[in-house]
Structures are given as C-alpha cells and as structure tokens.
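Just passing along the structure, written as structure tokens.
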Number of protein chains: 2
Amino acid sequence: MAVTQKQIAHELGISHQLVSFALNGNGNVAPKTRDEIVATAERLGYRRNELARAMVTGKSSALGFLSFESDQSDHLMRVLSGAIDAANEHQLFIKAMHYRELSDIRGVLERCLEWRVAGLMVMNLTDEAVETLEHEVKQLDMPVAFIENPPSHPADVWVRSDDYHGLQQIIEHLTALGHREIAFFNGNAESRLSEKRETHFRRVMECAGLFVNEAWLVRGSWGLESPLNEEAAQKLLAFQPRPTAVVCSGDPLAMILIREAQNAGLKLPQELSVTGFADFYLAGLSNPALTTVDQSFRVMGRVAVEQLLSCISATPVPNGQRWNQLLPTRLIVRASTAPPLCVPTPL
Amino acid sequence: MAVTQKQIAHELGISHQLVSFALNGNGNVAPKTRDEIVATAERLGYRRNELARAMVTGKSSALGFLSFESDQSDHLMRVLSGAIDAANEHQLFIKAMHYRELSDIRGVLERCLEWRVAGLMVMNLTDEAVETLEHEVKQLDMPVAFIENPPSHPADVWVRSDDYHGLQQIIEHLTALGHREIAFFNGNAESRLSEKRETHFRRVMECAGLFVNEAWLVRGSWGLESPLNEEAAQKLLAFQPRPTAVVCSGDPLAMILIREAQNAGLKLPQELSVTGFADFYLAGLSNPALTTVDQSFRVMGRVAVEQLLSCISATPVPNGQRWNQLLPTRLIVRASTAPPLCVPTPL
DNA sequence: CTGAAAGCGCTTACAG
DNA sequence: CTGAAAGCGCTTACAG
C-alpha cells in the first residue's frame with residue numbers, strides 16, 4: 001500500500017539497497033544518484049517505515065511514561081511535555097500509559113517489553129505501586145526513571161525537585177516578613193512524600209532557629225475526595241494561639257486552607273499567610289493569589305529522558321550522580337503572604 | 001539478546017512456525033504441544049516482539065495524540081486518559097506529541113506516517129494550527145479526530161461536548177435563582193471557540209426570554225499571561241447598573257472575575273453570581289467554590305479513539321453520525337451562584 | 001560508487 | 001496436527 005524503497009529502486013532501475021543508503025545518508029552514493037533517489041522518493045510520497053527500521057536495527061524507539069490515573073494531572077502533563085521534547089531530539093517517541101490498580105502494573109511492564117521500549121519513566125505512583133514496580137522490574141532488563149516518587153532502593157534514575165531548598169525559601173520569605181508562629185499542613189498521613197516534606201520542614205525550621213510546635217503539624221489528604229482536608233484546616237484554624245502563617249505541602253491544600261480561613265472570618269493575607277507547593281496552573285488565580293514554589297516540572301521530564309538514555313548508552317557516570325538528580329525549586333511570591341498583624345517582639 | 005520464537009522452537013526441537021501458532025492461538029496445535037510451548041516460552045522469559053509483529057501484519061498499532069503545548073493542561077490529561085483506556089482495549093498504544101509553532105505540525109505528521117499510526121487525535125490546537133493540519137493532512141491517508149477543536153471542514157471525526165446544553169443548564173440555574181441581568185465573559189476576541197460560545201449564549205438567552213446587553217459581552221483571553229482578563233473583568237464590574245450574574249466561558253476566567261470582584265469589595269456570591277466552564281481540577285477549590293459545567297473530557301478521549309477505529313475498519317456509518325459526536329455536559333452547582341440581592345420584579 | 005546476499009523476528013498460506 | 005517456504009520493509013556487511 002505505502003510506497004517502499006523497492007518501488008523507488010524499481011522506478012529508477014537500481015537496487016533497493018542503494019535507495020536505503022541514499023535516504024539514510026550512509027555509505028558512498030554518487031551525488032547525482034542520491035539526488036535522483038531523494039527526488040523520486042519525494043515524488044512518490046515515500047515515508048520510511050520506522051517499524052521495519054526499528055526491528056532490523058534492534059534499537060528501541062520508544063520511552064514509556066507511566067503515571068497513576070488521577071485528576072491531579074496538572075504537573076503530569078508538564079513533565080510529559082518536557083519528556084516529549086527531549087525524546088524528540090533523540091528520535092524517540094513517548095508511549096503514554098497509566099494504571100488504576102496495582103494489578104495493572106504487571107501488564108504495563110509486559111507491554112513495554114513487547115514494544116521493546118528503551119526505558120520507562122514513572123511518576124505520581126502510589127507508594128505501593130512503587131514497590132510493586134520495583135519488584136516486578138528487578139529481573140527485567142529495562143531502565144526505570146523515578147520522577148518525584150522516591151524509590152525505596154537506589155534506582156537507575158531518580159529525578160526530583162529540591163524540595164528542601166523550596167521549603168527553605170518559603171521559611172526565609174516568611175521569617176523576613178516577620179513570621180515566627182508557622183504551622184505545616186501536610187498530605188496523607190502514611191505517604192512517603194508527606195514524610196519527606198515533614199522532615200524537611202522540621203529541619204528548615206530548626207535551621208532558622210524557629211520552634212516547631214508538634215500540634216501544628218497537621219495532615220490532610222493528597223486526594224480531594226475526602227473531607228479530611230477541610231477538617232484538618234479547621235483544626236489548624238481553631239488553635240489558640242493561632243499560627244500567623246501556614247506552610248502547605250501542596251497547592252490544593254493551600255487553596256482549601258484559604259477558603260476555610262476566609263469562611264471562618266479571617267482577612268487574608270493579613271491575619272494568616274498561606275503558602276503552597278507545586279505552582280499548579282490555577283493556583284495563581286486564587287484570592288489571594290497563592291505564594292508557592294515552582295518545581296521545574298517541565299525540566300524533570302527532560303532530565304528523566306536524558307538520564308534514561310545515558311543509562312542505555314552505558315556511558316560510565318560517576319556513582320550516584322545519575323540516579324539522584326536534584327532540580328532547582330523557585331519561590332513565587334504572590335499575594336497570599338504578608339507580614340503578620342502583630343509582629344512578635346524580636347528575641 | 002531477547003528470547004525469540006526460534007529459540008523456543010530449537011529448545012523443543014520443533015519448527016518456529018509452530019511456536020508462532022501456539023502462542024497466538026491460531027491454527028491447530030495439539031494441546032499437549034501447545035502447553036509445552038507456552039511453558040517453555042514462559043520459562044525462557046519470552047516476550048513477543050510487537051515491532052516485528054506489527055511490521056509483518058501491516059496493522060498499525062499506535063494512535064497519535066497531538067495538542068498544543070500549553071500550561072492549561074488539566075483537561076488534556078483527562079482526555080488522554082480516556083484515550084489510553086480505549087486504546088488499551090484494542091491493543092493499541094498512544095503516542096503522545098505536542099507542537100509549539102505552526103511549523104512543527106508538518107514534522108508531527110511526518111513522524112505519524114513513518115510510524116504508521118492508525119490515526120491521529122488532535123486537541124487544544126490554535127485555530128491556525130487546525131487549518132494547517134487540515135491542509136497538510138488532506139493528501140495523506142490518515143484519519144484525524146478533532147477533539148473540541150471545531151474543524152473548518154467536515155472531518156473524519158469530531159468529538160466535543162454539548163456546550164449549548166451546558167450553557168442552557170447554566171442559564172436555567174441562574175434564572176431559577178432569580179437572575180435576569182446576566183453578562184458573558186468570553187475568551188480571545190478572534191477565536192473560533194469564543195465565537196461558538198457567544199453564539200450559544202445569545203441563543204440560550206433569547207430562548208429564556210432574556211435581554212442580551214451587547215455591552216455586557218466582554219472578551220478577555222484564553223491565555224493567562226496578558227492582563228487582558230483583569231482589564232475585562234474590571235470593565236464588567238464597573239458597569240452601572242451591574243449585572244447580577246456573569247457567565248464565564250472558562251474556569252480560569254471565572255476565577256479571575258471572582259478575584260477582581262472581591263478586590264472591588266463585592267460580597268460573593270450574594271452581590272455577584274459567577275459560573276465557569278470546564279470543571280478544572282482546582283476550580284472547585286476557589287472561594288466561593290465555582291459553579292461550573294463538566295465537559296466529559298475523559299469520555300471525549302474514549303469516544304475519539306473508538307470513532308477513529310471505526311473509520312479505519314471502514315464500517316459503514318450513517319452519514320454525519322461519526323464525525324459529529326456530541327457528548328453530554330453536566331452542571332455542577334457549587335457556591336459561586338446564589339439569588340441576586342434584589343430580585344427584579346417578575347414580568 | 002554500485003549490486004547481490006543475508007538477516008532482523010515474526011506471520012501466513014501451502015503442503016504433507 | 002506439523003513442517004518448510006515465502007515474505008513483511010528495511011539495514012548491514014561483503015564483494016566487485
């Protein structure tokens with residue numbers, strides 16, 4: 001149906017191998033012959049069959065991108081975007097996949113192998129999915145890049161944003177405004193991400209010489225279905241004395257807190273400063289506009305692809321330098337943070 | 001490197017063709033032989049090479065998904081999700097692509113052809129990109145499904161939400177609350193989507209027996225970079241008399257209007273009802289929570305895949321029934337709409 | 001510079 | 001029920 005190299009060769013009365021050489025720029029082909037071949041290919045509407053090409057060269061041509069199928073898709077698409085760009089540069093394409101249940105993971109891996117993907121990126125997995133994946137992939141010959149999700153064992157590639165520095169910037173910003181009484185509104189109780197962020201928060205607070213009030217470390221839920229977040233926010237707002245600022249572990253949490261605070265009659269940001277994390281698309285549109293941290297999502301996708309490729313090409317890389325990629329975070333100051341109403345007396 | 005059918009055959013002392021038959025469940029293979037083959041395949045860790053398979057069967061195995069690379073990615077991922085599910089059911093996979101400039105489109109199509117994709121879904125294209133694509137694809141043998149984006153000529157498939165009905169539900173809801181003075185906050189001035197939505201708005205208003213105030217039809221921008229939206233919102237709020245409700249053509253527009261209205265000192269929703277369109281992930285987290293319209297994005301992806309496949313299988317379809325798929329919209333009432341403060345006297 | 005051969009891993013008629 | 005052949009569209013040594 002589609003035009004083949006053989007047809008071009010036949011048209012020109014030459015061998016089809018010559019056509020292959022000319023079209024790929026390999027070997028020595030007389031310039032005139034090459035031009036003729038290229039012109040004929042174009043005239044006939046020839047497109048190389050990458051399927052055949054991939055098979056014979058044995059080079060895999062796809063990179064898998066797997067994530068948990070969720071509504072919280074804002075950053076996923078940005079990472080995917082970065083990955084697509086980087087992949088394009090290497091003539092690779094991205095095979096988009098998702099899973100809903102743990103039992104789906106097996107099939108995803110199976111299909112990756114069948115299509116001979118060069119590697120797999122995973123992101124936004126549940127903690128259990130990370131473990132399932134790590135287990136399944138162990139005896140398989142396929143490099144995996146973890147994006148954001150902390151792997152439980154050293155992986156081929158681990159790309160993430162420097163959340164510690166992100167929190168550092170937030171705390172610096174808040175203390176510069178005069179805040180001392182700072183609470184932390186975190187995600188799910190049993191979540192590796194929550195734990196990591198809480199650890200960071202404690203350390204950053206301590207480094208800043210601030211007291212960490214244990215009661216002010218509340219946990220809601222990364223998902224938005226449950227009323228957990230509203231409850232946690234209300235609990236946080238009921239404290240006497242109330243914190244003057246709340247660092248939230250994610251933009252959605254921050255938006256919920258803003259709403260609950262306003263509904264409780266607080267004037268924001270004067271009576272309560274709130275910060276987010278991630279810089280989701282609509283976070284800048286809340287009122288007050290959310291001060292948050294950009295996590296370089298687009299770069300994450302790009303770096304994941306590049307590191308994955310360096311895994312494959314087996315270029316020796318200084319130990320630990322590949323699988324631990326820390327990307328910069330950047331504070332975005334908007335309107336949800338302000339000096340506290342009554343600045344506590346300096347120590 | 002990877003295990004092949006030939007190796008399995010060699011292991012068992014049979015022909016490799018028999019292995020193929022057994023593994024694909026084709027032809028007549030003695031049950032005992034089949035079991036042996038399957039067992040050996042498993043033991044050796046065989047995975048069929050889909051690349052080779054696709055080449056020989058000639059059946060394309062991928063569906064392209066192309067969108068404009070933008071930050072407004074919330075609904076894109078949902079459509080992609082639906083498409084992945086539907087594609088999986090047909091053993092197809094999704095090749096994710098994007099473009100940034102019009103000149104990228106050509107290359108995207110080229111790569112689709114080279115990989116012999118069975119079809120292409122496009123979404124979130126700029127109007128010019130739609131035209132470029134339509135032009136380029138004309139002489140190509142590749143079915144295209146337009147998702148949301150109105151094609152300028154009848155296309156193979158066109159899947160979209162029933163925005164007219166969505167607006168109808170909004171207006172019904174507002175009038176039931178007692179609103180008569182309703183404005184319309186639209187996207188870009190020169191955008192096919194804006195035009196379509198404005199036409200719908202006018203008609204729906206007329207059907208409801210409401211007066212369309214031309215001055216109250218304001219346009220901002222689908223993008224968030226420009227200050228156009230803030231300006232348009234302020235203009236809208238400055239009208240005397242002021243509308244009691246504003247129908248916004250998208251969730252981001254609605255969130256901007258909410259903010260500007262609150263900053264202007266209005267109490268929402270009592271002094272101004274605002275509605276959105278799309279139901280983005282964070283729209284429900286604004287304060288007041290946005291009343292908006294669900295556009296069945298996930299279903300869009302699914303339907304696009306299914307229609308594309310029916311194009312390919314060339315099953316005769318009643319004229320116009322394929323390329324014009326209208327998906328249901330559903331009003332989601334949250335907190336940004338309420339009865340107007342002073343209900344106008346009934347006619 | 002050009003041609004003829006072999007092979008990538010698979011499937012699909014065609015004989016036995 | 002099983003085997004041997006041909007072919008999918010391409011690339012890559014290997015001769016000339």
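Letters A, B, ... are given to chains in the order of the sequence lines, protein chains preceding strands, and every chain is numbered from 1. Side-chain atoms are counted along with the backbone in the values below, which use heavy atoms only and exclude waters and symmetry mates.
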Output the rounded distance in Å from CE (B:Met55) to C1' (D:dT11).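 B:Met55 atom CE is separated from D:dT11 atom C1' by 12 Å.
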Does B:Glu136 have any side chain to side chain donor-acceptor pair (under 3.5 Å) partners at least two apart in sequence or in another chain, and if so, which?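 Side chain to side chain donor-acceptor pair (under 3.5 Å) list for B:Glu136, sorted by chain: B:Arg106.
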With sequence neighbours excluded, what pairs up with B:Ser152 under the side chain to side chain donor-acceptor pair (under 3.5 Å) test?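 Residues passing side chain to side chain donor-acceptor pair (under 3.5 Å) with B:Ser152: B:Glu134.
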Residues which pass side chain to side chain donor-acceptor pair (under 3.5 Å) with A:Thr4, listed by chain and number, not counting sequence neighbours: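 Testing A:Thr4 for side chain to side chain donor-acceptor pair (under 3.5 Å), a comparison that skips the adjacent residues, returns none.
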Return the set of residues passing side chain to side chain donor-acceptor pair (under 3.5 Å) with A:Arg47 (not counting sequence neighbours), or none when no residue passes.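 For A:Arg47, the residues satisfying side chain to side chain donor-acceptor pair (under 3.5 Å) (neighbours in sequence not counted) are B:Glu110.
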Watson-Crick or G-U stems of DNA chain C, 3 or more pairs, under 3.5 Å, by first number: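 Counting only runs of 3 or more consecutive pairs, the stems involving DNA chain C are C:1-3 with D:14-16, C:5-12 with D:5-12, C:14-16 with D:1-3.
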Check: B:Asp71 side chain, A:Tyr281 main-chain N or O, donor-acceptor pair, under 3.5 Å: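 Flag not set: sc B:Asp71 to bb A:Tyr281 has no pair under 3.5 Å.
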Is any side-chain N or O of B:Asn49 closer than 4.0 Å to OP1 or OP2 of C:dC8?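 False: B:Asn49 side-chain N/O out of range (4.0 Å or more) of C:dC8 OP1/OP2.
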Between B:Arg48 and C:dC10, does any side-chain N or O lie under 4.0 Å from OP1 or OP2?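 Looking at the OP1 and OP2 atoms of C:dC10, neither is under 4.0 Å from any side-chain N or O of B:Arg48.
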Identify each donor-acceptor pair in which a side-chain atom of residues 143-151 of chain A lies under 3.5 Å from a protein atom, sequence neighbours left out, and give them as a table.
from, atom 1, to, atom 2, distance (Å)
A:Glu148, OE1, A:Gln295, NE2, 3.3
A:Glu148, OE2, A:Ser161, N, 3.4
A:Asn149, OD1, A:Asn124, N, 2.8
A:Asn149, OD1, A:Leu125, N, 2.7
A:Asn149, ND2, A:Leu125, O, 2.8

Judged by atom type as modelled, is there a donor-acceptor pair below 3.5 Å linking the side chain of A:Ser81 to the main-chain atoms of A:Arg78?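 Not a single qualifying donor-acceptor pair exists.
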Counterpart residues, side-chain contact (heavy atoms from CB on, under 4.5 Å), relative to B:Arg100 (two or more places apart):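 B:Arg100 satisfies side-chain contact (heavy atoms from CB on, under 4.5 Å) with A:Asp85, B:Glu69, B:His98, B:Asp104 once adjacent residues are dropped.
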Look at the side-chain N and O atoms of A:Thr4 and state whether any lies under 4.0 Å from the OP1 or OP2 oxygen of D:dC8.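 Answer is no, no contact under 4.0 Å.
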Which protein N or O atoms sit under 3.5 Å from an N or O of nucleotides 4-7 of chain C?
from, atom 1, to, atom 2, distance (Å)
C:dA4, N7, A:Gln17, NE2, 2.9
C:dA5, N7, A:Gln17, NE2, 3.2
C:dA5, N6, A:Gln17, NE2, 2.8

Which nucleotide in the set D:dT2, C:dT12, C:dT2 lies at the smallest distance from any side-chain heavy atom of B:Ser20?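 It is C:dT12.
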Listed in order of residue number, which residues of residues 37-46 of chain B have a non-hydrogen atom at under 4.0 Å from DNA chain C?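 Only B:Tyr46 qualify.
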Mind checking what makes ring pair (Phe, Tyr, Trp, His ring centres under 6.0 Å) contact with B:Tyr46, not counting sequence neighbours?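 Ring pair (Phe, Tyr, Trp, His ring centres under 6.0 Å) check on B:Tyr46 returns nothing, list empty.
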Only pairs at least two apart or in different chains count here, so list each salt bridge (Lys or Arg N to Asp or Glu O under 4.0 Å) that has a residue in residues 118-128 of chain A.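 Those involving residues 118-128 of chain A do not exist here.
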Not counting sequence neighbours, which residues clear ring pair (Phe, Tyr, Trp, His ring centres under 6.0 Å) with B:Phe297? List them please.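 By the ring pair (Phe, Tyr, Trp, His ring centres under 6.0 Å) rule, B:Phe297 matches B:His75.
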